[in-house]
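Residues: numbered from 1 along the sequence shown.
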Amino acid sequence: MYEIKKIRADHVIDFAAEELKEYLRMMMPECGDIDITYDPKATDGFRLGLLEDFGLENEADDPVLDDVVHIDTDEKGGILAGSNPRSVLFAVYRFLRLNGCRWLYPGVDGDYVPVKDIEPQKYHKKADHRFRGHCNEGAESQQCMLETIDFYAKQEINIYMIEFDNPFFYYDSYYDHVHNRRYRPSEKVSPQIVMQWKRQCEAEIAKRGLQFHDMGHGWTAEPFGLSSTDGWRPNHNLKLTDKQRSYLAEIDGVRAPFHGICLNTNLCMSNPEVRTIMATGIADYAEKHKNVTYLHVWLADSNSNHCECAECQKMRPSDFYLMIMNEVDELLTARGLDTRVVFIAYYDTLFAPEHVKITNPKRFSLLYAPITRTYSESITADSKLPPLQPYIRNAWKKPKGAEENLVFLKSWQEIWDGPCFSYEYHFWRHQYMDPGGLYIARRIFEDIRGLKYMGLDGFVEDGSQRSFWPNGLAIYVYAEALLNEDVTFEELVEDYFSHIYGADWKEARDYLQKVSNAFDFSFIAGEKSKNTAISTRFDPDRKEAFEAVHELAAECRAMVAKHMSMPTRPQTVSWRLLLKHAEYCIGIADFMKEKCLGHNAKALELAEEFFAEYGKYEIELERYYDHYLAAKSYLQMVRKPAKFVLQAGNEG
């Protein structure tokens, strides 16, 4: 009855056709087989191709980067087109979505596929933001990586980023089971296996035509013969040659790996040899990895540790940084490479350069990474910018407020009018500061609404591939709000929750809102302490709110008991996840109650025992919940009795 015809020969369109066939057969189990053929002149059936294949205007500013989806179908077929092959795949998913399908979690248990006949659809949309991506973080298994590549594509998230040449640290954090030795003995993997897995991920990214963003940190180490594979673990026994040592930043008169961590070590960037070695390493990597859409070139993953030698003090780190970028461009141009490069405003390079500019803006994009920002506020039309603080080498104050951070971006935008997007951290540790999930989902929504006031064209999110705890609302909001500026938060909550919880979705929403309220994101984030000398999370008045979590958990158990077996698999999974999540909330509340009372030692004892014991659920929950990152985040909070800010350099 149905036929799928590919108007253009392309491997991503091939995959899109197979996906359409699979889901049509699931929706209409008795429709019979569906033929897929290549027919550039087809006039009937489902026709998959680029906009220009059908004589349609392509309004993308850059057809490679911008996603335009066009759907015009009836009961028998029609046009599914896009501005690029990836957008054709997105057109297939949007068509299925308009016909009732949803992808609610990674994996088959997240597929919501109604049994029904297809209905005519008309849809045309250019994504409201070009950059819509996710970068790996936390503890990752290969299974979760592969499933999220598939899942994010179905959300029309167009970027998948893998940080580091070899992301061994993130994989090792999972397979070593460092926070779950009671129930899962270490099963360490080698860097060689991880490299194979990265290549497998790259193949899956390419199959879907997603933008592949690669690398990030590591450039201040690898080109100089220093390994960044171990991530943020110190190596105080590292043997350096005199030449290698001369390349490193001089801090307090000493050139050495910063705190023993190569990844966190900056360079003597005023040294022309250093700049050339780094630029050559970048160009060599780009030549070897031509599958990369954007190559991210970041400096060390730490702050206030830039070289203090007399020559380096003559300009800001950003000036020397852009000198390296210009040298990279010269090398790439000489080699005939069109690799796009991302440079970053992060920590010290938040301060814009004073003397140097990018000579070939067409190759570069600026990434704004406000890692020290608070997630208790967003930029709005009424935001007022404070004065920009002066740059004092290795002694500047890390900005916290949204406006404090934005003033740095605006100073960059005075000298850079090229593409600019943000690197955000909602799905890093901050998601665990809101056990109910509704607060962080709304903050993501508000932050996306603020992009137009910031002059940014989207996000790449740094975060765990297992950010579906207790559900995937935040990811769902993230994907849809970046696509469509007109959608409301309430519409997204209803759409997602009604599919994962069914007719009684409001009960689940109201319960989770109570959980979010009980924990209070700003308090958990350390922003409401009544005495920071005792703890950044000291407030005895919060004792009753944490005690009330036990009552909320009882409410949850009674609610779930009525929904143990639901009409769809995602609904059954979602309600049952709430049972384990209620137990999780009790554990968090119990040690945070001690923390708010100033009982720091008791809080740490309870937290360590809770995460050690809760690890028994890790295998059952690992598609949804990152036990390593949750434990690490809370244990770090609880261990620090005095004022402390979570940041990338605090990975220990």
Side-chain angles (χ1 to χ4, degrees), residues 10-19 22 62-67 69 82-93 103 106-107 110 127 129-138 140-168 170-171 193-216 218 285-296 337-342 365 367 421 423 427 458-467 475 478-479 482-483 623:
D10 180 273
H11 75 278
V12 177
I13 295 177
D14 292 344
F15 179 71
E18 294 291 345
E19 288 285 271
E22 178 178 330
D62 185 327
V64 175
L65 303 178
D66 294 322
D67 293 307
V69 166
S83 50
N84 52 59
R86 172 185 66 246
S87 300
V88 178
L89 177 63
F90 290 169
V92 166
Y93 292 141
W103 296 276
H129 294 286
R130 171 180 288 179
F131 298 97
R132 310 182 308 280
H134 206 92
C135 180
N136 59 330
E137 178 52 274
E140 56 199 37
S141 72
Q142 184 64 350
Q143 184 62 37
C144 286
M145 289 289 284
L146 297 176
E147 287 186 352
T148 54
I149 291 169
D150 178 69
F151 176 78
Y152 293 149
K154 287 170 176 167
Q155 309 305 313
E156 298 176 56
I157 290 176
N158 65 348
I159 294 168
Y160 202 99
M161 180 171 176
I162 300 180
E163 192 177 3
F164 303 125
D165 176 26
N166 188 324
F168 173 76
Y170 293 139
Y171 280 94
I193 290 174
V194 171
M195 186 59 79
Q196 287 183 324
W197 284 344
K198 182 181 179 184
R199 297 294 179 255
Q200 184 182 21
C201 289
E202 291 176 27
E204 292 299 315
I205 292 166
K207 180 192 294 185
R208 293 159 177 83
L210 303 180
Q211 291 183 34
F212 176 39
H213 288 223
D214 195 16
M215 282 298 289
Y285 189 94
E287 190 165 19
K288 190 176 179 180
H289 301 83
K290 295 180 182 178
N291 61 315
V292 175
T293 314
Y294 276 94
L295 186 59
H296 287 239
L337 299 173
D338 59 1
T339 308
R340 295 177 175 89
V341 177
V342 173
S365 292
L367 185 65
F421 59 109
Y423 193 76
F427 297 105
F459 288 164
V460 169
E461 286 279 3
D462 174 272
S464 173
Q465 309 307 303
R466 298 180 283 158
S467 297
I475 291 281
Y478 171 67
L482 281 174
L483 279 169
R623 178 175 281 121

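The CG atom of Leu367 sits 9.0 Å away from atom CZ of Phe131, with the distance rounded to the nearest 0.5 Å. In this structure, the separation between CD1 on Ile159 and OG1 on Thr293 is 8.5 Å, given to the nearest 0.5 Å. Lys207 contributes atom NZ, which lies 11.5 Å from atom CG of Asp14 (distance to the nearest 0.5 angstrom). With values rounded to the nearest 0.5 angstrom, Glu202 atom CD is found 12.5 Å from Leu210 atom CG. Summarising the geometry, atom OH belonging to Tyr285 is positioned 14.5 Å from atom NZ belonging to Lys290; distances are rounded to the nearest 0.5 Å. Distance CZ/Arg208 to CD/Glu204: 5.0 Å, rounded to 0.5 Å.
Val12 and Pro85 make their closest contact through CG1-O, 3.5 Å (heavy atoms, listed as atom of the first residue, atom of the second, distance). Residues Ala127 and Leu483 come closest through the heavy atom pair CB-CD2, 3.7 Å. Pairing each heavy atom of Arg86 with each of Asn158, the nearest pair is NE-CB, 3.7 Å. What you find for Leu65 and Tyr294 is that their closest heavy atoms are CD1-OH, 3.2 Å. Taking both residues in full, the closest heavy atoms of Val64 and Asn84 are given as O-ND2, 3.7 Å, listed atom of the first, atom of the second, then distance. The minimum heavy-atom distance between His134 and Ile475, with the atom names listed, is CE1-CD1, 4.0 Å.
You'll find the side chain of Pro106 stays beyond 4.5 Å of the side chain of Asp150, heavy atoms only. Arg130 is listed as a side-chain neighbour of Asp62, based on a closest heavy-atom distance under 4.5 Å. His289 is not listed as a side-chain neighbour of Leu295, based on a closest heavy-atom distance of 4.5 Å or more. A 4.5 Å side-chain heavy-atom check between Ile205 and Ile162 finds at least one atom pair inside the cut-off. Looking at heavy atoms from C-beta onward, Phe164 lies out of side-chain contact with Asn136 at the 4.5 angstrom threshold. Between Lys154 and Glu19 the shortest side-chain heavy-atom distance falls below 4.5 Å. Using a 4.5 Å cut-off on side-chain heavy atoms (C-beta onward), Phe427 and Glu137 make no contact. Taking 4.5 Å as the limit, every side-chain heavy atom of Ser467 sits out of range of all side-chain heavy atoms of Glu461.
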Please step through side-chain contact (heavy atoms from CB on, under 4.5 Å) for the pair Trp197 and Met145, ending with a clear verdict.
-> CA-CA 9 Å; Trp197 284 344; Met145 289 289 284; over 6 Å; no

Going through the distances and angles, do Glu156 and Val69 end up as a side-chain contact (heavy atoms from CB on, under 4.5 Å)?
-> CA-CA 10 Å; Glu156 298 176 56; Val69 166; 4.2 Å; yes

Worked verdict on Tyr170 versus Glu163 for side-chain hydrogen bond (donor to acceptor under 3.5 Å, both in side chains) = CA-CA 9 Å; Tyr170 293 139; Glu163 192 177 3; 2.9 Å; yes

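Look at Asp67 and Arg132 and you find a salt bridge, because one of the NZ, NE, NH1 or NH2 atoms lies within 4.0 Å of a carboxylate O, short of that distance. For Lys288 and Asp165, the salt-bridge test fails: no basic side-chain N is under 4.0 Å from an acidic carboxylate O.
His213 places no side-chain N or O within 3.5 Å of a backbone atom of Cys135 that could act as its donor or acceptor partner. A donor-acceptor pair is defined here as one N or O able to donate and one able to accept, closer than 3.5 Å; such a pair exists between the side chain of Tyr478 and the backbone of Gly133.
Each of Arg466, Gln465, Gln142, Arg623 was checked for a side-chain hydrogen bond (donor to acceptor under 3.5 Å, both in side chains) with Glu147, and the lone residue meeting it is Arg623. Among Arg199, Arg340, Lys198, the single residue meeting the salt bridge (Lys or Arg N to Asp or Glu O under 4.0 Å) criterion with Asp214 is Lys198.
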